[in-house]
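Scroll down for the structure; my scribbles are underneath it.
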Number of protein chains: 2
Amino acid sequence: MSESDTRTLILDAAQDLIQRLGANAMSYQHLSEAVGIRKASIHYHFPAKQDLLAALIERYHGYFIGLVDRIIAEESDPARMLDRYIGLFEATLREGKHDKACLCGMLGAELASLGDEAVRGIRRFYQANQERLASILTRGRDAGVFRFSGDPATLAGLTFAALEGAVLVVRAEGGVRRFRALADELRRLMAG
Amino acid sequence: MSESDTRTLILDAAQDLIQRLGANAMSYQHLSEAVGIRKASIHYHFPAKQDLLAALIERYHGYFIGLVDRIIAEESDPARMLDRYIGLFEATLREGKHDKACLCGMLGAELASLGDEAVRGIRRFYQANQERLASILTRGRDAGVFRFSGDPATLAGLTFAALEGAVLVVRAEGGVRRFRALADELRRLMAG
DNA sequence: GTCTATAGCGCGATAGAC
DNA sequence: GTCTATCGCGCTATAGAC
């Protein structure tokens, strides 16, 4: 490990809090209680909240996109790729009390109240996801398992927005069960 | 007017701030500066932040669903209804500096940090929208202008989630132009 | 209905001992 | 690397004059 355990524990706690409550409702005090060390010690690892946020987004990007790239590498059927990609969002929703959304979906709402580095990180995350999705959709159309007439990059953007939006909406009503229904509908639309 | 002007001005300022920054980044101090009266005067109209939030959501519900119902009443072509419904989200994005999202889309992200009354209001708003959309989709399918195989209520949920998500995502990258592209793609999928 | 003034707290952040 | 202690600020909210 090049990362100290404490640093990782802080990032874990911050991610959990932000995915449930949002960045502006998460404080160093909350982190202190969750990790079991004092506020000042959190500041030792992440001097300013912006630093913590930027590090968190970068870690999340690597983790999430890493999973996506593995899916693309492991599967040969584009329909299976899409299923497993959607499964990543559902898995997030399933964690803990079923009230977690995608980290960058949450931060997207609070975008205008965040610093530049965080905003750039969120943008990069959105773009990386849409690139991977466009690749999956293109392969699927070529293989005849997806049917759509427009630009794959645009449909990728719509698909990503729908998944991010679905996670947020179903937290208010319907939960994981509802998310699955919406995801099934999305797959149906893709199949043409 | 049964509402005092000040009360309306406060609600206007609060809505603007929340649509851009989120509820947790909006404060009575910000409102005070925006409206031009003191913090204590804001508290006279809305004793607690929860009261302000609940009133705001209720007003937004009436305003937005009112527009939707008018669209449904005025149009005979379901495709036109959907276009104009989508136009409501685009119009929000077009306001001011093009950085406003749907009020309840923003609040959905911060849901777990809000009070019960606000949460109920947000849920009601989501449901009302999905009901209207389901009605539009059903008429469209019966008229042969939309083609889909699943339950209209489920496709309505996916459509609503996609629009809410799209507004949030395009604020980070692409703006109104990108939103229109995603919306066009959505219409294309509906047309089958 | 708006004001001044203030209470009381939580926030992000820093200094300096250990 | 973690601690105690503290600073200065912004927050929600209230009391009471006008």
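In what follows, every chain begins at residue 1, and chains take the letters A, B, ... in the order their sequences are listed. This structure is a prediction, so every number in the text was calculated from the model and none was measured. FYI, side chains are in, hydrogens and waters are out, and symmetry mates aren't considered; it's all heavy atoms of this structure.
Heavy-atom contacts from other residues, nucleotides or ligands closer than 6.0 Å to CD of B/E75 number more than 12. The number of heavy atoms from other shown groups lying within 6.0 Å of CZ (B/R38) does not exceed 12. More than 12 non-hydrogen atoms from other residues, nucleotides or ligands lie less than 6.0 angstrom from CZ of B/R187.
When rounded to the nearest whole Å, the span between NZ of A/K49 and P of D/dC9 equals 19 Å. Protein atom CD of A/Q29 is 20 Å distant from nucleotide atom P of D/dG10, rounded to whole Å. For B/L31 and D/dA13, the CG to P distance is 12 Å, given to the nearest whole Å. Between the CG atom of A/L52 and the C1' atom of C/dC11 there is a distance of 15 Å, rounded to whole Å. Atom OH in B/Y28 sits roughly 22 Å away from atom P in C/dA5 (whole-Å rounding).
In this model, the phosphate group of D/dC11 is approached by a side-chain N or O of B/S27 to a distance below 4.0 Å at OP1 or OP2. Side-chain nitrogen and oxygen atoms of B/T6 include none within less than 4.0 Å of the OP1 or OP2 phosphate oxygen of C/dG1.
A salt bridge links A/D16 to A/R20: one of the charged nitrogens lies within less than 4.0 Å of a carboxylate oxygen.
DNA chain C lies under 4.0 Å from at least one heavy atom of each of the following residues of residues 37-47 of chain B: B/I37, B/R38, B/A40, B/S41, B/Y44, B/H45.
Nearest heavy atoms, A/L111 versus B/R171: CD2-O, 3.9 Å.
Hydrophobic cluster membership differs between A/Y44 and A/I37, with clusters built from Ile, Leu, Val, Met, Phe, Trp and Tyr side chains linked at under 4.5 angstrom.
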